[in-house]
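To start, the structure under review is shown below, and the notes come after it.
In what follows, residues are counted from 1 in the order of the sequence shown.
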Amino acid sequence: MCTDAEHHNGMGRRALLVTGAASALTLSTMSFASAADGSTSTKTLKGTLPPGAPDYVYLPVEVPSGVREFRVSYTYTKATGLPSGTQNNALDIGLFDERGTALGGAGFRGWSGGARTEFFVRADDATPGYIPGPVRPGTWNIALGPYTVAPEGLPYEVTVTLTHGAPGETPKPVYPPERARGRGRAWYRGDCHLHSWYSDGRRTPAEIGALARAAGLDFINTSDHNTHAAHAHWSDVAGDDLLVLIGEEITTRNGHVVALGTDPGTFVDWRYRARDNRWAKYAQQVRRAGGLVVPAHPHATCIGCGWKFGFGEADAVEVWNGPYTPDDEVSLAEWDNTLVAYARSKGRTGWLPAMGNSDAHRDPDRVGLPQTVVLADDLTREAIQAGIRSGHSYVAESSSVEVALTATGGKGEVAGIGDRLPVSPDTPVTITLKAKAPTDCTLHLVTDQGTLFTSPAGATSATWHTTASYAAYVRAEIRHTPTTTGLPGALAAFTNPVFLGE
């Protein structure tokens, strides 16, 4: 083994070279020479990133021919004695090969964020989160993402080890089928925001599949952070009883978004902020790959989690994320405001359906809390996506909760969840709500004026009369008994709306 250590201090001219983009920096190049088969070569780079460092810092590595494996390990130092409320250091990491680091990801070989301290890639295998393939000669780049930087800076150390020798065979990926054995037109339950050990989750795909089946789910969507490395590892999980859709959680510094049901092998870049005006391009890439664009937990309070790109490119929005919390209540209220705007436009603009997903990562996170229940023509990728896109869905905390909401006009015409009942303004409309829910729950009917009907606890059905002039839409909420006086109880379920009026 040959070793070489180089120390670069702070922002010195030799340490950091500014790239053409204001949001990235390039470190000095780490170069390796050819060596005998079976030998290893190791080099280490040390440095300190200052407060206000760019979102992404690239460490170029010159790779010679004849390399079998590229291995990286890294460490960074947490600050001590920080003032209260000051963010400590956090450093993410990923890898791009000789095809480069340009936005779009041609050279993308993997991302583990802050979930791992080391990784490798070679032709026949790679660390979860990374893409197997040959280690070709040229300039590779280790991508460092200083997520948060303490006032005195972020000290880091990166070690690269190359193993020289002939490459192995790259396995051909096998992806899950796009259909499962459905029940024809029916209500299907799914969880479309899940994390495996291919990003920062702690569960294998097989473990997630078992939990999904136990939760009574019919479909799931894979959504590991900023990588498509898991796509080829779900085929054994899918079956006649479980449809596995393929996707990614695109995790930017200005919010997260689920790419739902994209073509297998699709990678969507995440290295931009709202102010960069690049989001529309990548949203269109999701749709070109057959996926839906679903902003996730838009009012979450974690750093970088709040959605700041607007909803003009969204196909649906994740209103409820994991166990019900105050930020979900804010998301629900903000989503309801978008329904009012749609009603005011008299249908000239589209409306944004709501979803709910677990965002489960590890024990004790519950897969299927919550779950989106979709009315679809069959249990296929296309049919499930069509149901989500059209708003023919409701969200429930478990498979034991069921909701049915209809609006009936004076001539017997009926509209269900996500539909419009085309009646004149003063035509009497009957709203019927039926629910199977825990006995402490109350049923609520919500309109553009707010909540206009609340049942006693334990009720399983409700009938309410209105007109299109009085209620532009009606949607249902099923809520548990409040635990704090003056605040609403946690949701057990809620529906997309039924719109009223011509």
Side-chain angles (χ1 to χ4, degrees), residues 187 190 192 255 257-258 260-261 279-280 283-284 286-287 291-299 307 309-321 328-357 370 372-376 383-396 403-407 409 413-423 425 429 431 433 444-452 466-477 491 493-502:
W187 292 93
C192 294
V257 57
V258 172
L260 196 165
W279 164 236
Q284 291 164 12
V286 172
R287 281 192 283 272
L292 301 182
V293 175
V294 185
H297 45 67
H299 291 279
W307 185 249
F309 293 88
F311 296 96
E313 296 291 340
D315 296 303
V317 60
E318 186 185 79
V319 167
W320 183 356
N321 174 278
D328 297 310
E329 191 71 35
V330 173
S331 294
L332 181 68
E334 185 62 26
W335 169 70
D336 189 78
N337 291 342
T338 70
L339 303 181
V340 173
Y342 170 74
R344 186 172 62 243
S345 76
K346 299 186 183 299
R348 290 188 299 272
T349 62
W351 67 283
L352 193 60
M355 294 187 68
N357 301 300
T372 300
V373 190
V374 182
L375 180 61
I384 292 297
Q385 289 177 319
I388 293 170
R389 190 186 295 108
S390 63
H392 293 153
S393 61
Y394 64 89
V395 180
V403 184
L405 177 69
T406 58
E413 61 270 50
V414 179
I417 296 169
D419 291 329
R420 174 176 290 276
L421 185 68
V423 294
V429 175
I431 305 296
L433 172 61
H444 306 261
L445 293 173
V446 184
T447 77
D448 52 314
Q449 293 189 73
T451 301
L452 295 182
T466 189
T467 63
S469 63
Y470 189 66
Y473 60 86
V474 181
R475 59 180 184 84
E477 295 179 358
L491 284 177
F494 77 97
T495 72
N496 277 299
V498 182
F499 293 97
L500 307 180
E502 297 172 331

Evaluation steps, side chain to side chain contact (heavy atoms under 4.5 Å, CB included), between Val257 and Phe309: CA-CA 10 Å; Val257 57; Phe309 293 88; over 6 Å; no
Could you check whether any side-chain N or O of Asn496 sits under 3.5 Å from a backbone N or O of Ser393, counting only pairs where one atom can act as donor and the other as acceptor? yes
Hey, would you say the Tyr473 and Tyr342 ring centroids sit under 6.0 Å apart? no
Side-chain donor or acceptor of Arg389 paired with backbone N/O of Ala316 under 3.5 Å: no
Indicate yes or no for a side-chain donor-acceptor contact from Arg475 to the backbone of Asp336 under 3.5 Å, with no hydrogens or angles considered. no
Measure across Trp335 and Pro353 and return the closest heavy-atom pair with its distance rounded to 0.1 Å. NE1-C, 4.0 Å
With the side chain counted from C-beta on, respond yes when Leu433 and Leu445 share a heavy-atom pair under 4.5 Å apart, and no when they do not. yes
Taking the six-membered ring for Trp and the full ring for Phe, Tyr or His, determine whether the centres of Trp307 and Trp279 are under 6.0 Å apart. yes
Looking at Gly418, is its backbone amide N or carbonyl O close enough to the side chain of Trp351 to form a donor-acceptor pair, meaning the two atoms are under 3.5 Å apart? no
I'd like to know if the side chain of Gln284 and the backbone of Glu313 have a donor-acceptor N/O pair within less than 3.5 Å. no
Heavy atoms, side chains only, cut-off 4.5 Å: are Val319 and Phe494 in contact? yes
pair Val403-Val373: side-chain heavy atoms closer than 4.5 Å: no
Where is the tightest heavy-atom contact between Thr467 and Leu500, given as atom of each residue plus distance? O-CD1, 4.3 Å
Shortest non-hydrogen contact from Ile384 to Ala376? CD1-CB, 3.9 Å
Is the closest side-chain donor-acceptor distance between Asp419 and His392 under 3.5 Å? yes
For Trp320 and Leu491, the nearest pair of non-hydrogen atoms, with its separation, is CH2-O, 3.2 Å
Any sub-3.5 Å donor-acceptor pair from Gln385's side-chain atoms to Gly261's backbone N or O? yes
Do any N or O atoms from the side chain of Glu318 and from the backbone of His297 form a donor-acceptor pair under 3.5 angstrom? yes
